[in-house]
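First the structure, in the form of structure tokens, and then the observations on it.
FYI, side chains are in, hydrogens and waters are out, and symmetry mates aren't considered; it's all heavy atoms of this structure.
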Amino acid sequence: MAIKILGPINEIINKTATAMIDNKITEDTAKVLNTLITASFDAVNETLKKVQDITKSEP
């Protein structure tokens, strides 16, 4: 049910929401963020491995 108070703005809001859903913008954004976060943690993990090797005590 559309909010009639917004008048002509309702159509703009509806078209924008429809386009975002149809073009899967939220899904694509989630994929990008997931890739970014995964890559960041991979980089941190690799850095920690290097720090571990550098700081390893010799027997």
Side-chain angles (χ1 to χ4, degrees):
M1 176 167 108
I3 302 172
K4 298 299 180 190
I5 287 178
L6 297 176
I9 297 175
N10 276 341
E11 186 176 350
I12 295 169
I13 293 170
N14 180 268
K15 285 182 179 181
T16 302
T18 301
M20 290 179 73
I21 292 168
D22 291 346
N23 292 315
K24 299 181 180 182
I25 294 196
T26 54
E27 293 173 24
D28 291 343
T29 302
K31 288 176 187 175
V32 169
L33 290 173
N34 185 36
T35 301
L36 175 67
I37 291 168
T38 300
S40 298
F41 278 101
D42 287 345
V44 168
N45 194 42
E46 289 301 315
T47 303
L48 287 172
K49 286 179 184 178
K50 290 181 183 196
V51 168
Q52 183 183 37
D53 287 343
I54 291 171
T55 58
K56 182 172 36 177
S57 60
E58 297 294 325

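Annotation: side chain to side chain contact (heavy atoms under 4.5 Å, CB included) contacts of S40 (sequence neighbours excluded): L36. Residues forming a side chain to side chain contact (heavy atoms under 4.5 Å, CB included) with I21 (at least two apart in sequence, or on another chain): none. Every residue two or more places apart in sequence or in another chain was checked for a salt bridge (charged side-chain N to carboxylate O under 4.0 Å, His left out) with K50, and none qualifies.
Other residues sharing the hydrophobic cluster of I37, ordered by chain and number and joined by side-chain separations under 4.5 Å: F41. Other residues sharing the hydrophobic cluster of I25, ordered by chain and number and joined by side-chain separations under 4.5 Å: M20. Connectivity analysis of hydrophobic side chains (ILVMFWY, heavy atoms under 4.5 Å, direct or indirect) links I12 to nothing; its cluster partners are none. Hydrophobic cluster of L48: the remaining members, joined at side-chain heavy-atom separations below 4.5 Å, are V44, listed by chain and number.
Sorted by first and then second residue, the salt bridge (Lys or Arg N to Asp or Glu O under 4.0 Å) pairs involving residues 20-47 (not counting sequence neighbours) are E46-K49. Listed by first and then second residue, the salt bridge (Lys or Arg N to Asp or Glu O under 4.0 Å) pairs that reach into residues 7-21 are E11-K15, sequence neighbours excluded.
Expressed to the nearest 0.5 Å, how far OG1 of T16 lies from CD1 of I9 amounts to 11.0 Å. Interatomic distance, I13 CD1 to T18 OG1, rounded to the nearest 0.5 Å: 11.5 Å.
A distance-only check finds no donor-acceptor pair linking the side chain of N14 to the backbone of N10 [under 3.5 Å].
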